[in-house]
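Throughout, a chain's letter reflects where its sequence line sits, starting with A, and its residues are numbered from 1.
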There are 2 protein chains.
Amino acid sequence: MTTCAAQTSPRKRAGNGAVQRNDADEVGLDALVGHAGYAVRRFQIWIFQDFIKTLGEVDIRPTQYSVLTVIGANPGLSQMAVAKRLGIERARLVHLLDSLEQRRYVKRIKSKTDRRSHALYLTAPGAAALSKFKRLAAEHERHVEAKLGRENRQHLLRILADFT
Amino acid sequence: MTTCAAQTSPRKRAGNGAVQRNDADEVGLDALVGHAGYAVRRFQIWIFQDFIKTLGEVDIRPTQYSVLTVIGANPGLSQMAVAKRLGIERARLVHLLDSLEQRRYVKRIKSKTDRRSHALYLTAPGAAALSKFKRLAAEHERHVEAKLGRENRQHLLRILADFT
DNA sequence: TATTGTTATACTCTATAACTATA
DNA sequence: TATAGTTATAGAGTATAACAATA
């Protein structure tokens with residue numbers, strides 16, 4: 001990953017109007033520097049890739065991890081409640097739960113009180129698996145700390161606390 | 001968006017093993033709190049939605065904006081160079097440029113020196129349009145500042161500077 | 001042989017709409 | 001009528017592989 005200082009005008013522009021090619025490593029970003037969204041997007045790509053790689057041996061992706069974590073911490077939750085809490089579409093959660101149920105990590109139990117809804121639970125193997133996932137996720141988090149620095153990571157979490 | 005304090009054990013768990021349902025607003029996140037990736041993902045969703053909304057009147061999305069900005073700042077760049085700089089697949093850039101070229105914002109000129117590659121330029125209307133997009137993007141950035149606070153936004157940019 | 005742009009495929013994710021069975 | 005879960009579709013975005021033209 002290259003670092004690129006802010007600049008307000010094109011770099012290495014030829015004065016005579018000729019075509020001026022740049023190497024990829026020295027391509028200016030102009031207005032992109034200073035956009036929080038751009039930095040956040042690039043960081044998110046890096047962090048998700050590290051998460052996917054670190055949890056690759058157990059084949060768990062960030063969204064699956066978040067679903068298992070919320071169910072583990074809130075047994076009996078409905079699909080709507082999980083979807084709302086994580087900000088994912090309920091239609092999408094259906095497929096996520098299908099795959100987690102096929103892997104025997106999660107059970108859908110018909111609710112007695114509202115027969116439209118399902119209460120969600122981890123299975124015993126699911127709970128055991130989640131423990132392992134959490135250890136691997138903690139390892140991933142140490143990669144983040146190594147990348148950002150301890151202070152910066154904690155400050156980042158404080159700055160973004162309202163979004164969790 | 002709700003705020004949720006850190007917690008290490010399930011909230012409102014019934015001691016008798018009975019089904020315990022929670023309202024969506026008080027669903028615990030357990031291990032998700034403390035994960036930088038989760039906070040960053042939620043923030044990125046918020047920031048992209050605001051960008052898309054703020055630039056909705058001109059129908060420009062974040063990726064399109066980043067492509068136009070890089071071409072504007074580095075005229076004559078090849079597709080490979082743009083793709084590398086922005087971290088997008090060259091196959092994906094083909095479609096992005098197709099749509100930007102159809103809208104007459106961008107030109108692909110066959111390179112004289114390497115006839116495999118295209119040199120990319122903004123058209124005159126494309127350059128004028130980009131100026132307007134930049135004004136709207138600055139407005140979006142003020143929304144980010146209002147959301148995070150001035151100091152926090154600047155600190156965030158410093159923390160993530162290596163990823164741009 | 002390697003690279004540039006292109007086409008194609010597949011899978012993830014987001015955003016909708018519509019359907020069913022309940023409430 | 002409204003809501004929970006489901007199914008389906010369409011559009012981004014990501015990740016590949018393969019191909020033609022060119023280096």
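To the nearest angstrom, P of D/dA8 lies 12 Å from CG of A/D98. If you take CZ of B/R61 and P of D/dT14, they are 11 Å apart, rounded to a whole angstrom. Straight-line distance from the NZ atom of A/K53 to the P atom of D/dA15: 14 Å, rounded to whole Å. Between the P atom of C/dG5 and the CG atom of B/L96 lies a distance of 14 Å, rounded to the nearest Å. At whole-Å resolution of the value, CZ in B/R92 and C1' in C/dC11 are 15 Å apart. Atom CG of A/L97 and atom P of C/dT12 are 15 Å apart (whole Å). For the pair B/I45 CD1 and C/dC13 C1', the interatomic distance rounds to 10 Å; values are reported in whole Å. The CG-P distance, from A/L93 to D/dA4, rounds to 13 Å in whole Å.
Taking only side-chain nitrogens and oxygens, B/S117 never comes nearer than 4.0 Å to OP1 or OP2 of C/dT3. For D/dA15, the OP1/OP2 oxygens have a side-chain nitrogen or oxygen of A/Q49 closer than 4.0 Å. In this model, the phosphate group of C/dT3 is not approached by any side-chain N or O of B/Q79 to a distance below 4.0 Å at OP1 or OP2. Taking side-chain N and O atoms only, A/R108 has a distance below 4.0 Å to OP1 or OP2 of D/dT6.
Of the two residues near DNA chain D, A/R41 and A/V94, the one whose nearest nucleotide lies more 5' is A/V94. Residues A/K110 and A/F48 each lie close to DNA chain C; by heavy-atom proximity, the contact nearer the 5' end of the strand is made by A/F48.
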Take B/F133 and B/Y65 through the ring pair (Phe, Tyr, Trp, His ring centres under 6.0 Å) test and state the conclusion after the steps.
CA-CA 8 Å; B/F133 304 161; B/Y65 179 77; 7.3 Å; no
Using distance only, find each side-chain donor-acceptor pair of residues 47-60 of chain A under 3.5 Å and give its atom names and separation, not counting sequence neighbours.
unit_1: A/D50; atom_1: OD1; unit_2: A/H143; atom_2: ND1; d: 3.1
unit_1: A/D50; atom_1: OD2; unit_2: A/T54; atom_2: OG1; d: 3.2
unit_1: A/D50; atom_1: OD2; unit_2: A/H140; atom_2: ND1; d: 2.7
unit_1: A/D50; atom_1: OD2; unit_2: A/H143; atom_2: ND1; d: 2.9
unit_1: A/T54; atom_1: OG1; unit_2: A/D50; atom_2: O; d: 2.7
unit_1: A/T54; atom_1: OG1; unit_2: A/H143; atom_2: ND1; d: 3.4

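Below the 3.5 angstrom threshold, one finds no donor paired with an acceptor across the side chain of B/R115 and the base of D/dT22. With hydrogens and angles left out, the side chain of B/R116 and the base of C/dT3 share a donor-acceptor pair within 3.5 Å.
Counting any heavy atom pair closer than 4.0 Å across all strands shown, B/R90 reaches a base atom. At the heavy-atom level, B/E89 lies under 4.0 Å from base atoms of the strands shown. Within 4.0 Å of A/Q64, counting heavy atoms only, lies no atom of the nucleic acid at all.
For A/I88, the listed nucleotide lying nearest its side chain is C/dT14; candidates were C/dT7, D/dG5, C/dT14.
Rounded to the nearest 0.5 Å, atoms CG (A/L97) and CZ (A/R90) are 13.5 Å apart.
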